[in-house]
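What follows is one structure encoded as structure tokens, with my remarks underneath.
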Amino acid sequence: MQNLDWSNLAFNYSKTNAAIISRYVDGAWTAPVASRDFEMPFNLYAGVFHYANSCFEGLKAFRGVDGKVRLFRPDENAKRLQRSGAHLDMAAPSEALFLEMCLMCVRENLDFLPPYGFNASMYLRPVLIGCNPQLGIASSKEVLFAVLGSPVGTYSGAAGLTPGTAVLARNYDRAAPNGTGSYKIAANYATSLHPYNMAHRQGYRELLFLDPATKTKIDEFGSSNFLAIKGNTYVTPLSDSVLPSITNKSLQTVAADFGMQVEKRPVPVEELAEMDEVNACGTAVVITPICSVDDKPALESTEVTKTYCFGSPEHCGPVSEKLYRRIRGIQDGTEEDIHNWCVFL
Ligand code: PLP
Ligand code: COI
């Protein structure tokens, strides 16, 4: 076991023992290998550098209370990567290869997997990279598939369930109508970098994007999905430009297990005024409570036209906390995994 400060891990890249690599050449994937070297030669004409021929995934491995290692729903990530790859007209690994390489990554880097009890995990980053040299705009025929693993703590750096603030992205979109918002492709994240940096400089933790076609409904945060609690109802946006989050999907099931109503539907911005609890949800952020959302004419503006507040700025809402405890418990092995979501090492 590495001698790391497990209680103070950030959401950062760490150089671990090995990255797991397979290459798609001449129509087939090579047998995966564990590479000690994280620096690789790429042709500077590779599509990834010019046309963002790249898509990726994010999932976590946990060391449970019983000492067993669990991966949370990797089959869902495998399917989503295939969907993203297909949208880029790029080869993607089979579900079996995806799972094999994720397990191999955890095994090779086991001494970096945080112990139980530190609210930390190993974040796995499977990534498809378009490699062959090209000049014209084209999909990549040669692809590198890597699975990387880094020990991580909370995404924000604050203790889990510490509320943060958000701002609406009135004059920026992360995706276009009929665009790529529902795919986990690298290009979507490039679009959000500039407005995200601005929001962070202004002290906001999150940036909340609206539907790009009408700018009247809530889409999602730059890093995660939007979920709200309204009475006994779990509300989350239905939108073509939102990434189908595996965490959100799982939380909807958990909410239904708790006897809550689940509504996946368009959410008008003004409905924020009626929400009791608001959260960002995703693999990296888990459930992150949002205590307020500022509406501004533009992100650059110093004028705040309206602030929507949800619960206390100090504490997570009770329903969100209950959802969080159940999902984290399933991942840690302290709650029964009744839906068989976890895959063991
Ligand atoms: N939305 C965006 C834009 C994301 O980057 C992520 C992270 O993967 C999510 C939502 C949450 O998806 P998941 O719960 O599958 O991690
Ligand atoms: C994830 O939650 O896995 C993501 O990819 C989000 C990213 C901001 C780290």
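First listed ligand is number 1; within each ligand, the first listed atom is number 1. Quick note: residue numbers are just sequence positions, from 1.
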Can you find an N/O atom of [X] closer than 3.5 Å to an N/O atom of ligand 1?
X	result
R80	yes
G282	no
Y189	yes

State the atoms of ligand 2, each with its element, that fall below the 4.0 Å cut-off from a heavy-atom position in [X].
X	answer
F11	9 (C)
T283	2 (O), 3 (O)
F56	5 (O)
Y123	1 (C), 3 (O), 4 (C), 5 (O)

Neighbour count above 12 (heavy atom, 6.0 Å) for N178 CG: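 Not more than 12 within 6.0 Å, no.
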Check if R125 has a non-hydrogen atom at a distance under 4.0 Å from any atom of ligand 2.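 Right, R125 reaches ligand 2.
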Looking at ligand 2, does Y189 have a heavy atom less than 4.0 Å from it?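 No heavy atom of Y189 comes that close to ligand 2.
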T334 side chain vs I330 backbone, donor-acceptor pair below 3.5 Å: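 Absent.
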For the pair S301 (side chain) and K296 (backbone), establish whether a donor and an acceptor sit closer than 3.5 Å, ignoring hydrogens and angles.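 No, S301 side chain to K296 backbone: no donor-acceptor pair under 3.5 Å.
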What protein heavy atom is closest to [atom], reported as residue, atom name and distance in Å?
atom	result
atom 2 (O) of ligand 2	A284 N, 2.8 Å
atom 1 (N) of ligand 1	E220 OE1, 2.6 Å
atom 5 (O) of ligand 2	K184 NZ, 2.7 Å
atom 16 (O) of ligand 1	T283 OG1, 2.6 Å
atom 8 (C) of ligand 2	Y155 OH, 3.3 Å
atom 6 (C) of ligand 2	S223 O, 3.6 Å

Go through the steps to decide whether Q2 and D111 satisfy the test side chain to side chain donor-acceptor pair (under 3.5 Å), and finish with yes or no. CA-CA 5 Å; Q2 294 283 323; D111 52 339; 3.0 Å; yes
N-O pairing of [X] and [Y] below 4.0 Å:
X	Y	result
K230	E277	no
E335	R328	no
E76	R80	no
E100	R107	no

Flag this pair as yes if the NZ/CZ of R326 is under 6.0 angstrom from the six-membered ring centre of F258 and inside a 45 degree cone about the axis; otherwise no.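 Not satisfied by the 6.0 Å and 45° rule.
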Does NZ or CZ of K60 come closer than 6.0 Å to the centre of the six-membered ring of F72, within 45° of the ring's axis?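 Pair K60/F72 does not count as cation-pi.
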Non-hydrogen atom of [X] closer than 4.0 Å to ligand 1:
X	result
R174	yes
K184	yes
G222	yes

Test of understanding: given a 4.0 Å heavy-atom threshold, classify the contact between E57 and ligand 2 as side chain, backbone, both, or neither.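 It is neither part, as no heavy atom is under 4.0 Å.
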Going by the order shown, which atoms of ligand 1 are within less than 4.0 Å of some heavy atom of L243?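 So the answer, numbered in order with elements, is 1 (N), 2 (C), 4 (C), 6 (C), 8 (O), 9 (C), 10 (C), 12 (O).
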Contacting atoms of ligand 1, where contact means under 4.0 angstrom from a heavy atom of N225: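 This gives 1 (N), 10 (C) as the contact atoms.
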Could you walk me through whether E271 and K217 satisfy the salt bridge (charged side-chain N to carboxylate O under 4.0 Å, His left out) test, starting with their C-alpha distance in whole Å, then the side-chain angles of each, then the deciding distance to 0.1 Å, before giving a yes or no? CA-CA 9 Å; E271 201 182 339; K217 289 163 280 178; over 6 Å; no
Give the contacting part of S223 toward ligand 1: side chain, backbone, both or neither, where contact means a heavy-atom distance below 4.0 Å.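 For S223, only backbone atoms sit under 4.0 Å from ligand 1.
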If you measure from each non-hydrogen atom of S245 to ligand 1, which part falls under 4.0 Å: side chain, backbone, both or neither?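 Both backbone and side chain.
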Between the side chains of N248 and Y234, does any donor sit under 3.5 Å from an acceptor?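 Their side chains do contain a donor-acceptor pair, which is all the 3.5 Å distance test asks for.
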Under 3.5 Å, is there a donor-acceptor pair linking the side chains of D211 and T214?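 Judged by distance alone, the side chains do pair up.
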Decide yes or no on salt bridge (charged side-chain N to carboxylate O under 4.0 Å, His left out) for D219 and K215, but give the supporting numbers first. CA-CA 9 Å; D219 251 6; K215 308 287 284 187; over 6 Å; no
